[in-house]
Protein chains: 2
Amino acid sequence: MARTAGSHSDITGPRVREAALRLFARHGFAAVSMRQIASEVGVQAGALYNYTPDKQTLLFELMRNHMNELLAAMRPDPAGSPSAQLDGFVRFHIAFHHARPDAVFIAYMELRNLEPENFATIEALRRQYETVLEDILCAGVDAGLFDVADTKVATLAVIAMLTGVTTWFRPDGRLSLGDVQDQYCQMVTRLVGAPGGSV
Amino acid sequence: MARTAGSHSDITGPRVREAALRLFARHGFAAVSMRQIASEVGVQAGALYNYTPDKQTLLFELMRNHMNELLAAMRPDPAGSPSAQLDGFVRFHIAFHHARPDAVFIAYMELRNLEPENFATIEALRRQYETVLEDILCAGVDAGLFDVADTKVATLAVIAMLTGVTTWFRPDGRLSLGDVQDQYCQMVTRLVGAPGGSV
DNA sequence: CTTGGATTTAAACGGGTGTTCAGTTAAATC
DNA sequence: GATTTAACTGAACACCCGTTTAAATCCAAG
């Protein structure tokens, strides 16, 4: 068992994933070659295959990793009221996605480049995340706090609205991330017909 | 001037664009080859160059065409109230986008595959469309009908929310297109703090 | 029926693709 | 210092890429 301590694989492995994430987000999975990724890492193309069985799996692992991090980070306070939970969800979604623009971009844009089996896995994780929000909405409706015609539709509407932030928000722009979070909280609060959202 | 009547170009041209639209939407611009498009049309790859100078322009024309159609079809009733105009915008956006899923997909997903000049053109058209909605929101705020903290943010939030419909709505599903339009109208009405959106 | 231009083919161009693998390098263990 | 083995190179594999071009085909007009 040689080269366990000073091994480069501890360094090269993450660097491969970082380069792939950045390049896939920037140019798209199909438009990026293994040689481009390798060149970014400072290695020959063949060396990448020490870290991934193939290009498809490299994409899949990036997406699965992102979704797992998302689900792990999202822990709604079970003691909070539905309104507080909804508020927390909105702020969390905006902040978490803003911190990982490349991973977000890939997770939403490269789904069609996944093989069916991999697609199903990512899709399941995505639905799991949506369920977190839907449960909050259902709890609010049950408590008579929210007025939502269809919690499934409202869930998808809110998530689409929140995810859209990543396409235009720039930290050096007119509004701070906190401003944006505040505004979206108000809009979502009103959207679900919760009290406290009126004029 | 021979072959003006029985010319194939009247037939092949549209067929090229249809095939490209479908394939680009399904697999992504970078993942689709000119030979695939040609094969779909029933022609050799070289024949495509009678109808487009290159692959990039083919994509660009599809996107520009879609945006132009979108802007031409979007004519808010200048006599209507801001609330009625907003309602009309929501219903129009959902219906128009649902009728052209492939073009919508391309217009939102393939922006990064456009060369800078082409990107700027499409981006300008997109902003033109957003301005239609923002003007409605501004009119509503000026009339004291809407309560919106930031019309730009609200515009982007509403459009992201509406466009998201195309990713999940299926006409053979639980809800009809009309149901979805109704629900989004209510959610948007509440989101902008307009009267008539409360419980 | 010939003509001439629109339309398409077939082949070629230079270059890039994902992936494999024998061989080289270099670091950790004995 | 010899041995072991993870890490990497460099070349090759078979194939696909967008685009160009000369030649063939097709068909309305004269």
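Chain A is the first sequence line, chain B the second, and so forth, proteins listed ahead of strands; every chain is numbered from 1.
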> Under the ring pair (Phe, Tyr, Trp, His ring centres under 6.0 Å) rule, what pairs show up with a residue in residues 155-174 of chain A, not counting sequence neighbours?
Replying inline: A:H98-A:F169
> Tell me: CD of A:Q44 to P of C:dG18, nearest whole Å?
Replying inline: 14 Å
> Of the residues in residues 45-66 of chain A, which ones touch DNA chain D at a heavy-atom distance under 4.0 Å?
Replying inline: A:G46, A:A47, A:N50, A:Y51
>> Nearest whole Å is fine: how far is D:dG18 P from B:N113 CG?
In response: 12 Å
>> Test: side-chain hydrogen bond (donor to acceptor under 3.5 Å, both in side chains). Region: residues 53-62 of chain A. Which pairs qualify, not counting sequence neighbours?
In response: A:D54-A:T57, A:Q56-A:N118, A:E61-A:R64
> What pairs with B:T151 under side-chain contact (heavy atoms from CB on, under 4.5 Å), at least two apart in sequence or on another chain?
Replying inline: B:E134, B:L137, B:C138, B:V141, B:V148
> Just to confirm, is there a sub-4.0 Å distance from OP1 or OP2 of D:dA7 to any side-chain nitrogen or oxygen of A:T12?
Replying inline: no
>> Please enumerate all residues that pass side-chain contact (heavy atoms from CB on, under 4.5 Å) together with B:R91, with sequence neighbours excluded.
In response: B:D87, B:Q181, B:D182, B:C185
> ring pair (Phe, Tyr, Trp, His ring centres under 6.0 Å) with B:F96: which residues, sequence neighbours excluded?
Replying inline: B:F92
> By side-chain contact (heavy atoms from CB on, under 4.5 Å), which residues pair with A:S81, not counting sequence neighbours?
Replying inline: A:S83, A:A84
>> Can you list everything that forms a side-chain contact (heavy atoms from CB on, under 4.5 Å) with B:Q44? Sequence neighbours excluded, please.
In response: none
> Between residues 21-41 of chain A and DNA chain D, which residues have a heavy-atom gap below 4.0 Å?
Replying inline: A:R35
> Can you check whether A:Y108 and A:H66 have ring centres sitting under 6.0 Å from each other?
Replying inline: no
>> Whole angstroms only, please: what is the CZ-P distance between A:R15 and D:dA7?
In response: 15 Å
> Which one is paired to C:dC30, where only Watson-Crick or G-U wobble pairs with both distances under 3.5 angstrom count?
Replying inline: D:dG1
